[in-house]
Amino acid sequence: MSDGGTGNPGTSTAAAEAVPAHRYTAELAAEIERRWQAYWERHGTFHAPNPVGSLAGPVPEDKLFVQDMFPYPSGAGLHVGHPLGFIGTDVFARFNRMLGRNVLHTMGFDAFGLPAEQYAVQTGTHPRTTTEANIERYLAQIRRLGLGHDERRRIATTDIPYYRWTQWIFLKIFGSWYDTNARKARPIPELEAEFAEGRRATPDGRPWGELSRVEQRKIIDSYRLVYLDEAPVNWCPGLGTVLANEEVTADGRSERGNFPVFRRNLRQWMMRITAYADRLADDLDRLDWPEKVKTMQRNWIGRSYGARIRFPVGEHGVDVFTTRPDTVFGATYLVLAPEHPLVDEITATTWPSDVDSRWTGGAATPPEAVAAYRLAASQKSELDRQESRDKTGVFTGAFATNPVNGAAIPVFVADYVLMGYGTGAIMAVPGQDQRDWDFAREFGLPIIRTVRPPEGFDGEAYIGEGPAINSGFLDGLGIDEAKKTIIQWLEEHGHGEGSVQYKLRDWLFSRQRYWGEPFPVVYDEDGLPVALPEHMLPVELPDVPDFSPGTYDPDDRDSEPAPPLAKATDWVEVELDLGDGPKRYRRDTNVMPQWAGSCWYQLRYLDPYNDEQFCAPENERYWMGPRPAEHGQDDPGGVDLYVGGVEHAVLHLLYSRFWHKVLYDLGYVSSEEPYRRLYNQGYIQAYAYTDARGTYVPAEEVEERDGRFFWNGQEVNQEYGKMGKSLKNVVTPDEMCDGYGADTFRLYEMAMGPLDVSRPWATKDVVGAHRFLQRLWRNLVDEHTGAPRVSEEQPDAETLRVLHRTIAEVRENFANLRYNTGIARLIELNNHVTKTFGPGNGDGTPRAVAEPMVLMLAPLSPHLAEELWSLLGHEHSLAHGPFPEADERYLVEDTAEYPIQVNGKVRSRVVVPASAGQDEVRAAALAEEKIVALLEGRQPRKVIVVPGRLVNVVV
RNA sequence: GCCCCCGUAGCCCAAUCGGCAGAGGCAGCGGACUCAAAAUCCGUCCAGUGUCAGUUCGAGUCUGACCGGGGGCACCA
């Protein structure tokens, strides 16, 4: 080509000349990636066959079910942090697929939720329109990444055929009760039979047959695993909805929106997750999950063992829960929560003549003191309570009798005791509880130690081990022994019993929202809920004139919830024939919380088109059933690998386990747990920069000089944290695909560190991954002609050793999700190939090295690998293997080099045959000339030979 | 306040059972190519593992205390 002799160096012709026509550039990558993505789609490369149903096909016994926590399709699109886990699972899935396993990997959308609804409130756009557009945008972004999803299995929780089954599962839960003896859920008709046959007593003892139908139904309803309850809930006027405990922050505000949240009573759907507290806690031991997540779940369930003890107060009895029944001899007063129902009953009319002035709150009578205290307590927000841990309270004027020694002890009302936990009442043992100690000191109450602290203990309450003292028949016993003894004594004498308490509460399951699953329930003329028959499912969301719930002044605690669905009056008021002729019913106007759809989506991935069942049992058993031979006797089954952020450690993962266990109890699934193995990927974070006014400046325009940062000449301040539009530091996967190609982007994300570690994004580092792929390409393809440059010659012994060591390590690394080190090995191999066979070094790379190298690269950078595989003359995709196997012969070395230490410091080294025994190594080391010189004729005191490692000479 | 995790080169990260601190990448530096630059290629410098003690023939790895960062819980009896 000629440049025309005009000497214009800036022309594109010159630029094109500078880069060889077949160099692996972003442009070539884009072309290769488009082509292979089309190929995979055309050939259904990632379609995983099922045992039965519409996706049935031949299924090997060896399978793998990999799942990502599915995303909410937000309108903002993806930044480079989002796909980290998606790529991680894809590499794992592709690796296992190449090993010959039947691999199921797909991705759906958690598509109900507040943002689309809030957008609808603002613009009038139907949430479905917004949601579907966002899903399309999202799919376009992730498709570019070349994720090997079975696209046939995509679902969105908002799909009507999907939420039909969400409603169906709700009905199954509604139609069940928890049999505490059998420790499992059973269908409601079995409960009715127990009542009807007199095997189970009715609450007031009347025979079942004598109760009215409404009375019977109310009893049954009170047993259901999902039930309506007039319960204190977290009412958030600012959002116009109630929230689950989990959605309220510790300072009493909504997690979303940060509005004030008030406690008030409302009639709500509650899921009886507490029935499963023990199994949810116990079965954590059977799961391959990060300990951190298990601990968080255990803490959330908050199981504690102790006793209930009944303290007589006048003609009443106050039950307390304590984890330290062994300290009951040291109980010097009782405390009831302000909301405790017995407070009014026991409060005396007058103060005792010698009442301590600190106890009365300045009131003339106990009822006045209690009323004033209760009012003050009810007006305290969660935040107030948190800010001040000073102990407050008032005396009720009443005395309780300590059942173990007959002592009369005063009864207080104080807000450091919470109504929501245990019995809402405690026995206070200041000697062994710091909170009680603080209160006792404030109010001048006696303190009796019942555990002897160690010599020299100068603290206040003592909570450690020690022998019981001042405790009558318990004296001298250790804590555990004393607990057993006192519980037995309490039970024998009818003063109490051993007891277990949980922090876990039932799950509030109603939302006063529009964009969620409607409840498949109607109310009859008695106002009682009636389940719709299955053939009436799905209950579709009606259109409404206005998507907003009634929202209020965020501080208006007395406002009433008004859900958007209540406005669809034609839908709410229906005439239905539910088996006893057409009658008028009223629909439930709440919707389910966003968690509902994500409780079971792994099951629908397995059988997405089944309209007879939510999932065929054969398909569930194959993909998720327990496999004790592979995973041990205790294997509960579940998804083989579930990857997502640790932020779902409690809520989603606990709810999902709960639903799964219900389905297991009712016989619909064979697995006892939804996710056998869980893995938390780290977060990709980013630097952001603020100027002197605190305004964010575009991060990509900031320059670093000598550890300081400048933007437009002014110095700016570096911050580290999330990526976000408002922080002006977003980097998108699309930019990376444009600049380097998806294969480079994937490789870089996997190479920058272990999958579970959070780290900062650094665009400038991406080029390293790109150069590696470029070098690898250049080793196998002539950059000028595009022809493959492989030879059919056998590689030399050294190359074979490097190759097989690489294979062994890459297999091991991929299998354990350690992609970063696997990639390092591949780079090493490629560096060796470059030196030995690269351009300028002979006639090309031996096929025996080229092919395994391409195959090992395939899970990471699949498009490039497919292209090279095809250039090497293969007709079919490498997606289903083979994957190279290491030949043991090349893994053993003939000689071994031992470093020789003298007193722990490396002084020399010696090469011996690999077969050399300890004595030979020792002799060789001691004969080495530098060592001889160092020893200067002295006898070493000791010589340590670590086979295969080193020699240490101690002098 | 309590509990958990993490501190290795200027930066991101490696380092089986306690056994040679460095695999890989970025940046830097030197060189090749180029009229020049970018891109590309070749070569190369850099820490003794947050601090202090201890165990050991030998500690990044084990133990204790402290410092720094991140996370969870928070009057749960």
Side-chain angles (χ1 to χ4, degrees), chain A residues 7 9-10 15 18-20 23 25 250 290-293 295-296 299-300 302 304 306 320-324 327 335 385-386 388-389 391 414-418 420-429 432-436 438-439 501-503 646-647 649-650 683 704 706-707 720 747-748 751-754 757-769 771-772 774-775 778 783 809 812 818 820-828 830-831 834-835 838-840 897-909 940-955:
Chain A
V19 177
R23 173 162 290 181
T25 59
E291 268 317 306
K292 177 188 164 78
V293 176
T295 303
M296 284 165 72
N299 290 343
W300 191 264
S304 42
V320 305
F321 173 73
T322 176
T323 55
R324 295 294 304 275
T327 64
V335 184
R385 278 196 171 197
Q386 210 191 354
S388 155
R389 296 212 168 181
K391 295 291 178 286
D415 68 358
Y416 82 94
V417 173
L418 311 174
Y421 182 76
T423 61
I426 62 157
M427 65 175 201
V429 187
Q432 274 78 228
D433 186 293
Q434 189 60 42
R435 294 157 302 181
D436 296 343
D438 294 342
F439 189 87
Q501 285 295 326
Y502 306 88
K503 277 198 267 183
V646 72
E647 70 272 18
V650 177
Y683 298 103
E704 182 181 354
D706 307 322
Y720 179 58
L747 185 76
Y748 172 66
M752 63 197 289
V757 169
S758 295
R759 55 223 124 130
W761 178 258
T763 297
K764 68 178 174 59
D765 290 3
V766 178
V767 70
R771 283 183 197 144
F772 162 58
Q774 220 165 47
R775 277 198 293 269
R778 194 183 297 122
E783 283 194 328
E809 297 206 25
E812 171 86 13
R818 290 194 303 259
N820 54 325
T821 49
I823 291 166
R825 295 290 90 81
L826 285 173
I827 294 174
E828 272 181 294
N830 189 55
N831 287 348
T834 306
K835 273 198 192 107
E897 188 187 63
Y898 281 80
I900 309 168
Q901 296 182 336
V902 176
N903 290 339
K905 292 233 160 61
V906 177
R907 298 299 187 185
S908 185
R909 43 195 73 228
R941 243 198 316 154
K942 202 172 171 189
V943 179
I944 294 147
V945 179
V946 186
R949 289 289 185 180
L950 53 51
V951 181
N952 191 10
V953 180
V954 187
V955 295

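None of the values given here were measured: they were computed from a predicted structure. To find a chain, count down the sequence lines: A is the first, B the second, and so on, and within it residues start at 1.
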Is there a Watson-Crick or G-U wobble partner for [N] with both distances under 3.5 Å, and if so, which one is it?
N: A74(B); answer: none
N: C41(B); answer: G31(B)
N: U16(B); answer: none
N: G48(B); answer: none
N: G54(B); answer: C62(B)

### Query
Expressed as a whole number of Å, how far does the C1' atom of A39(B) sit from that of C33(B)?
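After rounding to an integer number of Å, I get 11 Å for this pair.
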
Roughly, in whole Å, what's the span from [atom1] in [X] to [atom2] in [N]?
X: Asp415(A); N: C75(B); atom1: CG; atom2: C1'; value: 9 Å
X: Tyr502(A); N: A77(B); atom1: OH; atom2: C1'; value: 16 Å
X: Asp433(A); N: G1(B); atom1: CG; atom2: P; value: 18 Å
X: Arg771(A); N: G25(B); atom1: CZ; atom2: C1'; value: 9 Å
X: Tyr683(A); N: G69(B); atom1: OH; atom2: C1'; value: 17 Å
X: Glu809(A); N: A15(B); atom1: CD; atom2: C1'; value: 11 Å

### Task
For nucleotides 2-13 of chain B, just jot down a letter per nucleotide in 5' to 3' order: B, S or -, based on protein non-hydrogen atoms under 4.0 Å.
----------SS

Identify whether any heavy atom of [X] sits under 4.0 Å from a base atom; if not, whether one sits that close to sugar-phosphate; answer base, sugar-phosphate or nothing.
X: Val767(A); answer: sugar-phosphate
X: Ile823(A); answer: nothing
X: Thr25(A); answer: nothing
X: Gln901(A); answer: base
X: Gln774(A); answer: sugar-phosphate

### Message
Using the ring-ring contact (aromatic ring centres under 6.0 Å, His included) criterion, which residues pair with Phe772(A)? Sequence neighbours excluded.
### Response
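Testing Phe772(A) for ring-ring contact (aromatic ring centres under 6.0 Å, His included), a comparison that skips the adjacent residues, returns none.
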
Of all residues at least two apart in sequence or in a different chain, which pass the salt bridge (Lys or Arg N to Asp or Glu O under 4.0 Å) check with [X]?
X: Arg771(A); result: none
X: Arg775(A); result: none
X: Glu647(A); result: none

### Task
Establish, with yes or no, whether the OP1 or OP2 oxygen of C41(B) is under 4.0 angstrom from a side-chain nitrogen or oxygen of Arg775(A).
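Answer yes for this pair, as a side-chain N or O of Arg775(A) is under 4.0 Å from OP1 or OP2.
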
### Task
Examine U40(B): is either OP1 or OP2 under 4.0 Å from a nitrogen or oxygen in the side chain of Arg23(A)? Give yes or no.
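For Arg23(A), the contact criterion (side-chain N or O under 4.0 Å from OP1 or OP2 of U40(B)) is not met.
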
### Query
Side chains of Tyr898(A) and Ser908(A): do they bring a donor and an acceptor to under 3.5 Å?
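Short answer, no.
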
### Query
Just checking, any donor-acceptor pair under 3.5 angstrom between side chains of Tyr416(A) and Asp436(A)?
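Present: a donor and an acceptor within the cut-off.
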
Name the atoms and distances for all side-chain donor-acceptor pairs under 3.5 Å in residues 942-955 of chain A, with sequence neighbours left out.
residue, atom, partner, partner atom, Å
Asn952(A), OD1, Gly904(A), N, 3.1

### Query
Out of C42(B), C57(B), U40(B), which nucleotide sits closest to the side chain of Asn952(A)?
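Taking heavy atoms from C-beta onward, the closest nucleotide is C57(B).
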
